[in-house]
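Structure record follows, encoded as structure tokens.
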Amino acid sequence: MINIPKGTKDVLPSESYKWNEVERVVQVLRNKYNLHEIKTPMFEHTELFVRGVGNSTDIVNKEMYTFLDKGNRSITLKPEGTAGVARSFIENGLFNETLPLKVYYITPCFRYERPQAGRLRQHTQFGSEWFGVDSVEADAEILMLASDFYKSFGINPTVLINNLGCSECRKKYIQALKNFFEPQIKDMCPDCQKRFETNPLRILDCKVEECKAINKNAPVITDYLCDDCKNRFEELKKVLTEVGVNYKCDSMLVRGLDYYTNLIFEFVDEDKKLGQNALGGGGRYNNLVEELGGKPTPVVGFGIGIERLLLYLENKGIEIKNNQQLEVYVANATNNLIEIIKLTKVLRDNNISAEMNLTQRTLKAQFKYADKIKAKYVMVVGDDELNSNKFTIKNLEDGSQTQVDKQDLIKYFKG
Ligand SMILES: [Zn+2]
Ligand SMILES: [Zn+2]
């Protein structure tokens with residue numbers, strides 16, 4: 001037998017309704033927020049992610065699925081959703097269309113990670129990116145969108161927010177970090193020693209205990225913000241309070257990707273019992289489009305891992321309702337095949353979910369089957385019923401039985 005590759009997962013028929021519900025929620029938000037879907041390929045030229053995600057990130061250094069195709073091109077399965085969307089925005093000249101452009105996607109992403117709870121080598125992301133706006137309103141709305149998504153599943157995680165400042169603030173802050181780390185960098189992990197050279201900001205992200213201890217006393221970005229950045233962040237906080245987004249400031253939050261500027265955020269659950277629960281995150285990346293060769297265009301967006309969300313809901317004991325129920329099982333007690341098929345078709349033509357007997361089962365076995373698949377009604381079709389045009393309908397939920405005339409069937413099931 002051939003097994004599923006490590007770090008991947010089947011969505012089985014018995015649980016796919018959860019995915020259908022995620023998609024339904026996204027459709028509802030698409031309408032409410034007037035978003036448009038964008039679909040980009042599963043793989044791109046490796047160069048896109050090296051430039052777009054950043055050379056100093058773990059994703060690019062350790063986790064990408066990169067291979068040479070038969071034409072000797074270096075190809076990478078997309079490790080995240082944003083870079084491909086930004087590439088498409090530039091390549092298709094979407095900056096010439098009406099801005100802001102608000103897009104969303106649900107896409108598989110691929111990262112070679114050590115498989116552990118909630119971390120898969122193929123996972124699915126729901127993301128939204130808003131191009132061509134750089135305002136407090138846009139920052140607030142993108143957080144409201146993500147927050148509405150979570151609320152649709154009955155949860156309200158805290159969003160940690162931080163401000164990495166504009167390039168001016170950032171320059172000053174990075175210098176301050178360098179001054180702080182320089183005398184003690186030799187006591188930090190090899191990864192941090194590398195980061196000290198390439199991107200000192202990411203030292204703050206380190207999970208190694210010795211590094212975490214040193215990081216506790218590191219300078220915080222909030223002390224290096226220019227007045228504009230400071231005021232804007234204050235205004236955002238005011239808006240979030242007004243609209244009921246559950247936020248907390250976290251000056252240690254830096255996130256793993258290189259492209260963030262100004263706002264960054266991460267949705268976390270503070271339920272200590274379930275351990276660390278980063279549910280999704282994002283921020284503003286005003287330099288990304290330019291970095292990839294496009295006209296400078298501000299962007300704000302987020303990505304939410306769907307498998308992780310579903311696992312989290314399960315751990316929390318929050319059930320997703322299964323909205324799919326078979327209305328009518330048409331049981332077969334006649335050899336008149338054509339009439340059975342036609343009756344089932346009439347039901348479906350009237351938008352009633354219907355299934356007919358496809359087997360050689362006895363009537364009794366058909367009832368058992370209908371019970372197992374949780375049909376709401378069983379309609380028995382035998383020669384007597386076809387002659388009299390009266391059908392016996394059993395309600396499997398309460399056990400009651402009713403005789404219904406053929407011309408009243410649709411009204412009965414719809415009523
Ligand atoms: Zn600034
Ligand atoms: Zn470290």
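Each ligand, and each atom within it, is numbered from 1 in the order the structure gives.
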request  = May I ask you to list the protein N, O or S atoms found at less than 2.8 Å from the Zn ion (ligand 1)?
outcome  =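 Near the Zn ion (ligand 1), below 2.8 Å, one finds Cys166 SG, Cys169 SG, Cys226 SG, Cys229 SG.
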request  = Evaluate whether atom CD of Gln324 has more than 12 neighbouring non-hydrogen atoms of other residues, nucleotides or ligands under 6.0 angstrom away.
outcome  = no
Assess whether a salt bridge exists between [X] and [Y], defined as any Lys/Arg side-chain N lying under 4.0 Å from an Asp/Glu carboxylate O.
X	Y	answer
Arg195	Asp205	no
Glu339	Lys342	yes
Arg24	Glu21	yes

Note, Tyr369 side chain near Phe367 side chain (heavy atom, < 4.5 Å) =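 A side-chain contact is absent here, since even the closest heavy-atom pair is not under 4.5 Å.
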request  = Answer yes or no: is there a donor N or O on one side and an acceptor on the other, between the side chain of Asn350 and the main chain of Ile352, under 3.5 Å?
outcome  =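 Pair absent, no side-chain N/O of Asn350 close to backbone of Ile352.
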